[in-house]
Each structure stands twice: as C-alpha cells, then as structure tokens.
Amino acid sequence: MRYDIVIIGGGPAGLSAAIAAYDAGCRSILILERDVQLGGILNQCIHNGFGLHTFGEELTGPEYAARYITQALDRKIEYKLNTMVLSISEDKHITAVNREEGLIEIDARAIILTMGCRERSRGALNIPGYRPAGIYSAGTAQRLVNMEGFMPGRRVVILGSGDIGLIMARRMTLEGAKVLVVAELLPYSGGLKRNIVQCLNDFDIPLKLSHTVVNIEGKERVSGITIAEVGPDRKPIPGTEIHYDCDTLLLSCGLIPENELSRGMGVDISPVTNGPVVDESLQTSIPGVFAAGNVLHVHDLVDYVSEEAAAAGRAAVRYLSQGETAERHEIPVTFEGGIRYTVPASIDPKLVADDLVLRFRVGGVMKKRVVKLLLDGDAVLTRKRPVMAPGEMEELKLTKDMLDAHPSLTRIHITVEEA
Amino acid sequence: MYDIIIIGAGVTGCAVARYLSRYEGRMLVLEKAEDVCCGTSKANSAIVHAGFDAAHGSLMAKMNLEGNLMMPQLAKDLDFAFKMNGSLVVCMSEEDLPKLRALYENGVKNGVKELEIVDAKRLHELEPNVSKNAVAALWAPTGGIVCPFNLTIALAENAFDNGVEFQFNTEVTGFTWEDGYWTIHTNHGDFESRYVINAAGVYSDVLHNMVSTRKLHITPRRGDYCLLDKNTGSFVSHTIFQLPGKLGKGVLVSPTVHGNTIVGPTAIDIEDREGTNTTAEGLNDLIEKAGATVENLPIRQTITSFAGLRAHEDHHEFVIGEAEGAQQFIDCAGIESPGLTSSPAIGLHVSELMRNLMGLKEKEHFIATRRGVLDPKTLSKEDYQKLIREKPAYGQIICRCEQVTEGEILDAIHRPLGAKSLDGVKRRTRAGMGRCQAGFCSPRVMEILARELHVEQSEITKCGGASRLIVGTNKDKLGEVQDK
C-alpha cells in the first residue's frame with residue numbers, strides 16, 4: 001500500500017490534520033486508528049467545555065469529535081479502525097495489524113504523528129503500599145464510567161489535580177460516589193482554573209495542595225489511603241498524615257506523550273516535553289515526519305490541538321509538493337523567565353508559510369508578568385499576563401509581517417518579566 | 001483418597017507436582033490463592049543463580065547448582081523464557097577483594113563452571129555502565145534470567161497435563177493423622193491423602209509446626225523492587241550483584257527476559273506473612289543502594305514497584321524431607337533465594353524421594369513437554385499473517401504497550417489451569433505489564449474475561465477474592481454513599 005500522507009492516530013489531532021491536508025489539496029490520505037472508532041479520548045469526555053475557540057459554542061467531547069469526524073467522512077478520507085501500528089521505519093515504511101487484513105505494510109511519502117498521550121501510572125509515581133484492586137488512572141475510570149456505565153468505586157481519594165482528575169471528581173460525585181479529597185503534590189493545581197471551580201468548589205470537594213499519598217492499604221481491594229503534607233523538597237512531612245477510609249484511588253498525575261513509535265523510527269525527542277523536537281513546520285528531526293497534538297506536547301484545550309494539527313496537515317502537503325528543503329537556516333527559539341519549552345523549538349523564517357503560533361508553558365505559578373517576543377532584540381509582541389500557571393498553555397502569534405520586517409533575523413527570543 | 005497432596009502452587013509446589021507427575025498415582029495441589037504463582041514466586045529477582053553464593057556443602061548449594069544446570073533444557077521442554085546472560089558480582093573497594101576471592105573459591109567448590117575474577121578494565125568492557133569506582137568482579141557466565149511466572153505456570157500446566165489435579169481458593173487449616181493417612185482440613189472441606197508435601201512458602205513453618213515435634217521458624221523477609229521501562233533494556237546486559245561489603249548486603253540490577261531492567265531487592269524482616277506492601281523507606285533505600293554500583297541508573301523510568309517475601313528459615317537452609325514426628329509429611333520449607341533456580345532440582349529430588357518412599361511406578365505415557373501461550377511476535381511475517389487469517393483475534397492488539405493480542409489472551413484463559421483474573425492474564429501474556437500499567441487495556445481485558453468465562457463484568461477481579469475491579473453501575477447507589 002502507498003499513500004502520500006499516513007496519519008498515526010484518529011483522535012482530534014489526526015482528524016484535524018487529515019482534514020487540513022485534504023483541503024490543502026492532498027487526496028491520498030490514510031488515518032490509522034487503534035480504537036474501535038474515530039475521535040480518540042474525546043469519546044469518553046462527556047462533559048462540556050470543548051470547542052469555545054473553534055466553534056464559538058460549548059460542546060461535549062463526543063460532539064466536538066463528531067464535527068471533525070463528519071468533516072473527514074464528507075471528504076471521504078480513508079481510515080482503518082482497530083488497527084495498531086507496530087512499527088515505522090526511518091524511510092516511512094509502516095507495519096500495522098488488524099483482524100481483517102492481518103499485517104499491513106504501507107509506504108508513506110509523509111507521516112503525521114498524532115498518537116496522543118497516556119497517563120502517568122501508580123508505578124511511575126513510586127507510591128508505596130499494597131497493590132490492590134481499586135487504583136485507577138483517572139482516564140481509565142472515566143472510560144469505565146462514561147463509556148461502559150461501571151462504577152469503579154464508592155469512596156474515592158484522588159491524587160493529582162490534573163484536568164481529568166478534576167473532571168472525574170465531579171463525574172464520580174454525580175454518579176453517586178463520595179469523593180473525599182483531591183491531593184496535589186505541588187503547591188498549585190495542574191488543572192484549569194475553571195475546572196477547580198466547577199468540579200471541586202461547586203461540590204464541596206476539598207483540594208489539598210502540597211499533599212501526596214504516602215500509603216495504600218488493602219490487600220485485595222483498596223481499604224484506605226493515607227496522605228501527608230509535603231515540604232518544599234516535595235518529601236512528606238512526618239506527623240501530617242491524614243487517613244481516609246475509601247475503596248478507590250484515582251490518579252491524575254500528569255500525561256506522557258506516547259512516542260514509542262517515534263523513538264522506534266529515530267525521531268529526536270525533547271526531554272522536557274517528551275515529544276518530538278519540531279521546527280516551524282511541526283516537522284520532526286526526520287524530514288517528512290510531522291507531529292501535532294498531545295504526542296508533541298500536552299495541551300490544555302482540544303481547540304489548540306485541532307489548530308496545531310491543521311498546521312501540521314498543511315505543512316505535510318507543502319512538503320509533498322516542495323520536497324525536502326536542502327538549505328535550512330533554523331533559528332533556535334530561546335527563552336527565559338520561567339518558560340520550560342517552546343513548540344516549535346526552532347524556526348526558519350523563509351519556511352514560515354502562514355502566521356505561526358508559538359506555544360509554551362511555564363514551570364511555576366507567576367503573577368503580574370509581561371511576555372515579550374523579541375526578534376533580534378526588537379519586542380514585536382508584548383502581552384500582559386496577570387497570572388501564568390503550568391496548567392495553562394501560553395501562545396504567541398508570530399506573523400509573516402513581523403518576520404518580513406526582520407529580513408536578516410538571527411535571534412528569536414521570548415522573555416517573561418515582572419510587570 | 002489421594003496418594004499425594006501438595007500444599008502450595010508456587011514454583012516449588014508446581015515443580016514437585018511436575019516431576020511427581022512422571023509417576024502413577026492420584027495427586028492434588030491445594031492452593032489458597034485463585035491461581036498458581038501468587039506468592040513469592042511472582043515477586044522476586046527472576047534470577048537463575050550460577051551457584052557460587054550458597055555455603056559449600058549445604059543442600060542449598062547442591063540444589064542451586066543442579067537447578068542451574070537443568071534450567072536451559074527445561075526452558076526448551078516447557079517453553080518459558082530463559083536467558084543465560086551471565087552475572088557479575090561487583091567489588092567496590094580493594095579491601096573487599098579477599099571477600100570476592102572467597103566467593104570465587106566457594107563457587108569453585110560448589111562446582112560452578114567458568115567462574116572468573118575480572119579486573120576493572122575487563123569489567124567495564126563487559127558492562128560499561130558499572131560504576132567507575134568498581135575495582136574487580138566475579139564473572140559467572142552460567143548465571144541466567146528467567147520468567148518466574150511462566151516457569152511456574154509451565155510446571156503447573158505440564159503437571160496438569162500429566163494428570164495432577166489442582167484446587168484453588170483452598171486454604172489449609174489443619175491436619176489429622178489417623179490409620180496411616182492424613183486428613184487435611186481446609187476452608188473447602190477435608191481432603192485425604194497418604195502423603196502430604198508442604199510447599200507453602202512463607203507459611204511452610206506454620207503447616208510444619210501443626211504436625212512436627214521439631215519446630216521450624218520462618219521469617220518473612222521483604223524485598224522491595226523497582227521495574228524499569230523497556231527503553232532501559234540495554235542499560236545492563238549482565239545481572240549485576242553487589243559484593244556484600246561496607247554498605248551491607250547489596251541489591252542487584254539486572255535485565256529481565258522481557259527486556260526491562262529490574263532493581264532490588266531490599267531485605268527487611270517483618271512479621272506479617274501477607275506484608276507485600278512496599279514502603280517509602282524501602283524504596284528510597286533500594287534506589288540509593290542500586291546507584292552505588294552502576295552509573296546513572298535510570299530510576300525515573302520506573303514503571304512499577306512491588307515487594308515479595310522470602311521464606312527465610314532461621315538457619316538459612318532448605319528444609320527438605322520427612323518432618324520429625326510426622327511420618328508421610330514431607331517438607332519443602334525455607335525455600336528462599338536461590339529457590340527459583342533450585343525449583344527443578346527440588347522437584348526432581350522430592351519426586352525421587354517419594355518414589356523410594358512409596359514405590360511409585362513410572363508412567364508409560366508421560367508428556368515431557370508443554371507449549372506456552374503463542375506469542376505472534378516470535379513468528380515470521382508470513383506465519384503471523386497465516387495465523388491471523390485462521391484466527392483473526394491474533395490481529396487485534398489489546399495491550400498496546402506490550403503488543404499483546406486478543407488471541408493470546410483467549411489462549412491464556414482457555415488453556416489448562418487458565419487465567420481467571422486480570423493478574424492471571426497479565427502473568428500469562430504480559431497484557432498490562434507495560435509502561436501504562438494496564439491503564440488502557442484493563443477495561444478491555446475485563447470485558448474479554450467476562451465474555452469468555454460467562455460471568456458479569458462486575459465479577460471480574462484483579463487477583464481473586466475481594467479484589468473486584470468494579471463495584472456497581474452508574475447511579476445505582478446515588479444518595480446512599482453521600483448521605484453516610
């Protein structure tokens with residue numbers, strides 16, 4: 001099999017990339033999806049709040065996904081469900097498998113990586129205690145409750161205040177469970193402010209910042225959880241333990257981009273984002289291989305995933321028509337003032353086709369800041385930010401006009417300063 | 001009336017059952033858990049020790065060496081993962097060199113072949129990630145690594161294929177000796193047998209002390225472990241032991257047969273025979289110690305941590321044979337490390353003991369081999385394609401991280417002594433054993449188990465007993481729980 005563009009993953013990023021690539025003129029597109037339907041994790045996100053930026057209205061996850069699925073179907077974009085990609089070679093040969101066709105070998109001219117992310121597990125957190133039933137990642141519990149109608153537990157402690165954890169605190173409550181507490185290791189929440197208000201405060205669920213789980217009790221099923229306050233070194237402070245009788249521990253302690261396939265094919269991975277290092281075209285270290293969405297870096301809103309993936313779709317089509325650019329003059333995007341990373345990590349101004357969105361996150365909560373985008377020292381963009389938090393993604397739009405005004409650009413720099 | 005009842009379906013009990021199944025007779029294995037391999041056998045270093053460590057002249061030393069020699073052929077016969085990767089005991093200071101030398105000499109006396117003391121240069125050639133401060137090492141090329149789950153499961157399945165019965169969820173509560181046979185009292189009624197073999201792991205002293213005049217004492221010695229992501233698989237290629245020295249008894253860093261890296265164990269004596277909980281102190285201690293012999297241990301790549309209990313007998317020796325004052329009651333007690341390595345030798349040794357005691361006759365049609373769960377990853381592309389055409393379930397990946405197909409899970413459920421729980425499937429197929437730790441696949445495996453075992457999904461457990469994964473359906477108790 002041969003396709004111009006193969007998209008790995010049919011979630012929001014993959015769908016948006018496919019639609020944008022189609023609209024940019026490509027007619028040989030294949031989406032490979034491992035689940036039973038298109039739409040990815042959105043299908044289990046039955047709460048609303050999706051699509052405000054994209055559609056100007058509040059949709060549920062499945063509704064948001066359906067809009068993109070409809071667009072993909074209208075364009076008759078090909079896709080395979082229940083199909084797992086086993087490996088991808090550096091020269092873009094894909095081996096996948098499903099029931100009907102068995103092993104499938106596909107050669108792609110361009111690949112867009114949109115595999116999404118997974119949740120950090122209990123093991124990766126090294127939480128001590130027993131290993132009974134009743135410990136779930138928030139997303140697994142979300143699938144059980146929202147898609148299968150099963151209650152994973154009755155009395156719940158949640159570790160981590162990531163958005164899925166907050167959403168699940170509310171969901172479990174609405175379905176008849178008692179959520180006793182949400183404990184967060186950090187002194188601030190990793191989730192969106194609106195989720196703290198709507199999912200915890202509105203239901204009188206306490207959020208304990210600077211707390212972590214120090215023991216899991218129960219040999220067969222969880223019977224109790226002990227949390228404790230942590231000091232500035234994030235180590236538990238003896239004597240601060242609080243015990244909860246409960247049958248369930250949900251974990252919402254961060255998302256990890258799923259880049260096993262990317263690593264397998266030799267794509268360079270950023271140790272900060274755990275996603276591929278990409279340039280202005282969202283192209284990875286392998287020419288013709290692009291990445292977008294949560295596989296690239298974990299997003300806070302799906303609207304931005306769609307926007308980013310559409311850019312990757314268009315870039316893939318440009319790559320198909322122009323081929324590999326021999327002469328590249330990548331300028332690394334540098335930063336200071338608490339920024340952890342930027343996507344893209346580098347920009348070749350000559351290759352910027354549209355206005356370019358620079359996305360980044362900061363490492364801690366900061367108040368009254370000014371973000372500046374500097375091209376060769378000129379502040380081309382200045383934005384006041386009353387509050388910046390690690391849970392919310394920041395973005396700056398670098399326009400073609402700004403770049404055109406700096407024809408001999410050598411430095412792209414972002415600063416976060418006190419106002 | 002059984003001829004022989006074996007108590008405990010860990011690696012020792014299953015090995016004894018397997019070697020005994022070469023003989024005629026009615027035999028039964030009683031196990032308190034819901035599956036084989038649920039105690040110490042599932043939570044250990046998964047090492048096939050070369051045999052230089054156990055004191056020369058001990059039964060432990062003899063069984064270790066014999067077990068080590070038997071393992072390669074057994075792995076072929078019973079189709080479980082085994083690799084002779086070699087082990088290195090790393091010596092960190094000049095002053096400890098005499099201890100390394102003594103270990104070498106003990107090994108030679110025990111009959112371990114190819115032992116060699118290597119200098120720092122050779123050591124770092126063999127293992128580049130060993131600490132730069134290491135001065136020498138004992139190299140044992142005959143050391144190996146094994147899948148402890150499939151070793152145990154393979155022994156059990158093969159015993160079953162040869163007619164040994166298994167009864168799970170059955171806990172022994174006492175014994176009565178009368179008219180030349182034992183009545184074994186359990187939570188599921190009484191069982192009668194001419195002979196009893198006690199392979200009850202950390203409970204083997206409890207059972208022994210119910211019948212014997214000479215008391216045994218076993219201390220559950222907890223070992224905490226961290227298992228690292230497969231992307232660390234090439235971090236070390238040998239099993240790296242620390243020479244017991246100034247830092248006390250060390251911990252090992254080893255590849256596993258599946259390509260992970262394992263780090264452990266601690267050694268913490270506890271009271272609770274069910275105390276398989278890790279502790280923060282244990283894990284911190286482990287991480288600190290492991291870092292002493294290797295450079296830049298990628299401990300942040302930990303995908304799970306766990307603890308197992310060694311059945312440490314006070315004299316640190318295997319207790320194998322008829323219990324004093326309790327005829328026809330045979331102990332296999334105090335089987336701690338190197339118990340996994342020794343298990344085939346113990347099985348063979350005990351089966352020969354029983355043949356002599358009981359005059360057992362060899363079976364005419366003993367089935368000496370067993371095939372494991374077919375892993376399509378081991379097939380050529382052509383053969384895999386053919387398999388999917390015949391059995392499409394092999395084209396459906398259920399566990400993404402370990403790329404386990406529905407076909408393998410169905411095999412694990414429907415084979416003899418098949419999986420009944422999530423952990424049962426995991427130990428047989430590795431579904432859920434990868435980096436996401438069953439986050440994605442557990443709902444799907446639960447669904448398959450419920451469908452295949454014809455039970456409600458709410459009945460499916462993690463590991464039997466009260467370990468239910470689901471407690472009800474949405475809104476079924478709305479109001480009740482919150483008002484409490």
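Numbers restart at 1 for each chain; the letters A, B, ... are given by sequence-line order, proteins then strands. All heavy atoms count here, side chains included; hydrogens, waters and symmetry mates do not.
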Subject >> Which atom of B:Ile397 lies closest to which atom of A:Leu86, heavy atoms considered >> reply: CD1-CD2, 3.9 Å
Original post:
Does some side-chain heavy atom of B:Tyr394 sit less than 4.5 Å from a side-chain heavy atom of A:Val97?
Top reply: no
**OP:** For B:Gln385 and A:Gly102, work out which heavy atoms get closest and say how close.
**Re:** OE1-CA, 3.1 Å
**OP:** Determine the option with the most heavy-atom pairs under 4.5 angstrom with chain B, choosing from A:Arg120, A:Met147, A:Arg34, A:Glu217.
**Re:** A:Arg34
Original post:
Is it true that the side chains of B:Thr276 and A:Lys219 contain a donor and an acceptor less than 3.5 Å apart?
Top reply: yes
Original post:
Does any heavy atom of chain A fall under 4.5 Å from the side chain of B:Gln301, the backbone, both, or neither of them?
Top reply: neither
Subject >> Atom of B:Val471, atom of A:Arg154 and distance for their closest heavy-atom approach >> reply: O-NH2, 3.0 Å
Subject >> Residue A:Tyr79 excluded, over 12 heavy atoms near OH under 6.0 Å >> reply: no
Subject >> Taking every non-hydrogen atom, the tightest pair across A:Ser121 and B:Cys436 >> reply: CB-O, 3.9 Å
Subject >> Segment of B:Ile287 engaging chain A (4.5 angstrom heavy-atom cut-off) >> reply: side chain
Original post:
What is the distance from atom CD1 of B:Ile388 to atom CG of A:Asn98, rounded to the nearest 0.5 Å?
Top reply: 8.0 Å
Original post:
Which is it for A:Glu220 and B:Lys462 under the salt bridge (charged side-chain N to carboxylate O under 4.0 Å, His left out) test, yes or no, and what are the steps along the way?
Top reply: CA-CA 8 Å; A:Glu220 296 181 319; B:Lys462 180 176 183 287; over 6 Å; no
Original post:
So which of B:Gly407, B:Cys463, B:Ala393 has the largest heavy-atom pair count under 4.5 angstrom toward chain A?
Top reply: B:Ala393
Subject >> Pick from A:Arg122, A:Glu101, A:Met84 with the largest number of heavy-atom pairs that fall under 4.5 Å of chain B >> reply: A:Met84
Subject >> Side chain / backbone / both / neither for A:Val156 at chain B, heavy atoms under 4.5 Å >> reply: neither
Original post:
Do B:Arg468 and A:Asp247 meet the salt-bridge criterion of a basic N to acidic O distance under 4.0 Å?
Top reply: no
**OP:** Please check if the side chain of B:Thr302 supplies one atom and the backbone of A:Ala124 the other of a donor-acceptor pair under 3.5 Å.
**Re:** no
Subject >> Pair A:Arg99 + B:Glu406, salt bridge at N-O below 4.0 Å >> reply: yes
Subject >> Euclidean distance, B:Asn231 CG relative to A:Asn259 CG, rounded to 0.5 Å >> reply: 11.5 Å
Original post:
More than 12 non-hydrogen atoms from neighbouring residues, nucleotides or ligands closer than 6.0 Å to NZ on B:Lys377, yes or no?
Top reply: yes
Subject >> Pairwise side-chain contact, B:Gln457 with A:Glu148, heavy-atom cut-off 4.5 Å (strictly under) >> reply: yes
Original post:
Of the backbone (N, CA, C, O) and the side chain (C-beta and beyond), which part of A:Glu100 lies under 4.5 Å from a heavy atom of chain B, both, or neither?
Top reply: neither
Original post:
Is chain A contacted by the side chain of B:Gln403, its backbone, both, or neither, given a heavy-atom distance below 4.5 Å?
Top reply: side chain
Subject >> Toward chain A, the part of B:Leu469 with a non-hydrogen atom under 4.5 Å >> reply: both
Subject >> CZ (A:Arg263) with more than 12 external heavy atoms under 6.0 Å >> reply: yes
Subject >> Heavy-atom proximity to chain A below 4.5 Å, by part of B:Arg444 >> reply: side chain
**OP:** Below 4.5 Å from any heavy atom of chain A, which atoms of B:Ser442 appear? Answer side chain, backbone, both or neither.
**Re:** side chain
**OP:** Can you see which heavy atom on A:Ala133 is nearest to which on B:Ser467, and at what distance?
**Re:** CB-O, 3.3 Å
Original post:
Got A:Leu103 and B:Glu382 here, is their nearest side-chain heavy-atom distance under 4.5 Å?
Top reply: no
Subject >> B:Lys230 and A:Glu260 ion-paired at < 4.0 Å >> reply: no
Subject >> Most chain A-contacting option - heavy-atom pairs closer than 4.5 Å, from B:Met446, B:Lys391, B:Gln396 >> reply: B:Gln396
Original post:
Just how far is it from atom CG of B:Asn474 to atom CG of A:Asn146, taken to the nearest 0.5 Å?
Top reply: 7.5 Å
Original post:
Hey, which of B:Glu447, B:Lys381, B:Gln437 has the most heavy atom pairs under 4.5 Å with chain A?
Top reply: B:Lys381
**OP:** Identify which part of B:Leu283 has an atom lying under 4.5 Å from any heavy atom of chain A, answering side chain, backbone, both or neither.
**Re:** side chain
Original post:
Which one, A:Leu144, A:Ile135, A:Thr248, A:Val145, leads in non-hydrogen pairs under 4.5 Å with chain B?
Top reply: A:Val145
**OP:** Kindly give the heavy-atom pair with the smallest separation between B:Ile470 and A:Tyr136, and that separation in Å.
**Re:** N-OH, 4.3 Å
**OP:** Determine the option with the most heavy-atom pairs under 4.5 angstrom with chain B, choosing from A:Glu119, A:Glu105, A:Arg221.
**Re:** A:Arg221
Original post:
chain B heavy atoms under 4.5 Å from A:Arg118: which part of the residue, side chain, backbone, both or neither?
Top reply: both
Subject >> pair A:Met151-B:Lys477: side-chain heavy atoms closer than 4.5 Å >> reply: no
Original post:
Between A:Glu258 and chain B, which part of the residue has a heavy atom less than 4.5 Å away: side chain, backbone, both or neither?
Top reply: side chain
Original post:
Are there more than 12 heavy atoms of other residues, nucleotides or ligands under 6.0 Å from atom NZ of B:Lys475?
Top reply: yes
**OP:** With a 4.5 angstrom heavy-atom cut-off, could you sort out which part of B:Asn284 is near chain A: side chain, backbone, both or neither?
**Re:** neither
**OP:** Determine, step by step, whether B:Thr304 and A:Asn126 satisfy the side-chain contact (heavy atoms from CB on, under 4.5 Å) criterion, reporting the C-alpha distance in whole Å, the side-chain angles of both residues, the deciding distance to 0.1 Å, and the verdict.
**Re:** CA-CA 7 Å; B:Thr304 189; A:Asn126 243 343; over 6 Å; no
